[in-house]
Amino acid sequence: GAVVSQHPSWVICKSGTSVKIECRSLDFQATTMFWYRQFPKQSLMLMATSNEGSKATYEQGVEKDKFLINHASLTLSTLTVTSAHPEDSSFYICSARDTGTTVGYTFGSGTRLTVV
Amino acid sequence: DAKTTQPNSMESNEEEPVHLPCNHSTISGTDYIHWYRQLPSQGPEYVIHGLTSNVNNRMASLAIAEDRKSSTLILHRATLRDAAVYYCILRDYNAGNMLTFGGGTRLMVKP
């Protein structure tokens, strides 16, 4: 079945530094990937839609200059949290769909970001 | 996407069937009903989806009301590994590809 690999699974960084999270579709091509954020005991909130070869589409209230998304190939999207602050600490999850099947969306295992 | 309403939490005994309800009274004709579940500290996992007819797969069954204003996810024999948050999501295939998550139902399975 469709597999989405997300790396790293957890990261701790100092306030003011940047962190890059990778999302790869392992056995299918994904022209579109999605980035979500989840705070403790809350549901997933869509941050942005990543489009291969073009600019990402950000949801209202998400700062595009802070959360940089790059989707340079059909199997890789990256999310860079720039100048991270403690309030950016969260669980970040990517998702993609193998349009060649009728199965639903596949999600990465998530990245737990802690900013200290 | 149209809104869904689910109970915040439910309890079940191990090896008993579980019926997880979802109300979606404003569903449109082009909305598919998706179910995902999220185990602790993991990304969501696809469970099942349907449009009008009931659906079965190896994980669960999806029963859809005739008027499509509600649906029920059925786990035939709950195991401890089924303890998770279950999300019922409507996806309009004519209006973009993203999934919008609601609050979900936290299922607790007792041994």
Side-chain angles (χ1 to χ4, degrees), chain A residues 1-10 21 23-25 28 30-52 56-60 62 71 79 90-99 101-114, chain B residues 1 3-9 20 22 31-53 55-62 64 71 73 83-108:
Chain A
V3 177
V4 171
S5 174
Q6 190 172 339
H7 179 81
S9 56
W10 61 270
I21 302 169
C23 181
R24 295 180 184 273
S25 56
F28 67 100
T31 55
T32 304
M33 291 185 176
F34 304 94
W35 287 96
Y36 293 83
R37 180 168 55 180
Q38 185 176 34
F39 292 108
K41 299 194 183 303
Q42 294 187 22
S43 186
L44 282 77
M45 294 295 296
L46 179 67
M47 298 176 65
T49 301
S50 171
N51 303 298
E52 186 269 335
T57 304
Y58 291 82
E59 295 300 300
Q60 191 172 7
V62 177
H71 195 155
L79 168 68
S90 189
F91 193 50
Y92 293 86
I93 308 166
C94 68
S95 172
R97 186 169 77 96
D98 182 356
T99 56
T101 74
T102 58
V103 178
Y105 290 76
T106 303
F107 288 80
S109 54
T111 297
R112 174 78 57 194
L113 171 63
T114 302
Chain B
D1 289 326
K3 185 180 172 64
T4 62
T5 304
Q6 299 176 254
N8 289 333
S9 63
L20 298 166
C22 180
D31 282 330
Y32 278 74
I33 303 162
H34 283 241
W35 283 82
Y36 287 77
R37 72 179 186 181
Q38 185 178 25
L39 279 65
S41 299
Q42 295 187 28
E45 172 187 29
Y46 168 82
V47 177
I48 200 166
H49 77 282
L51 182 62
T52 57
S53 303
V55 184
N56 299 297
N57 66 21
R58 63 175 180 81
M59 289 183 69
S61 296
L62 176 60
I64 302 173
S71 61
L73 179 71
V85 178
Y86 286 78
Y87 296 98
C88 169
I89 302 169
L90 301 184
R91 179 174 171 248
D92 183 348
Y93 275 48
N94 291 331
N97 294 314
M98 75 285 290
L99 294 177
T100 302
F101 285 77
T105 296
R106 181 173 299 278
L107 175 65
M108 292 167 280

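As the structure is a prediction and not an experimental result, all values here were calculated from the model. Here is how names work: the chains are called A, B, and so on, in the same order as the sequence lines, proteins then strands, and each is numbered from 1.
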Enumerate the residue pairs fulfilling side chain to side chain donor-acceptor pair (under 3.5 Å) with a member in residues 36-45 of chain A, sequence neighbours excluded, ordered by first and then second residue.
A:Gln38-B:Gln38
From B:Thr100 OG1 over to A:Glu59 CD, what is the distance, rounded to the nearest 0.5 angstrom?
7.5 Å
So which part of B:Tyr36 gets closer than 4.5 Å to some heavy atom of chain A, the side chain, the backbone, both or neither?
side chain
Non-hydrogen atoms of chain B under 4.5 Å away: do they reach the side chain of A:Leu44, the backbone, both or neither?
both
With a 4.5 Å cut-off on side-chain heavy atoms, are B:Leu99 and A:Tyr105 touching?
yes
Should we count CE of B:Met59 as having more than 12 external heavy atoms under 6.0 Å?
yes
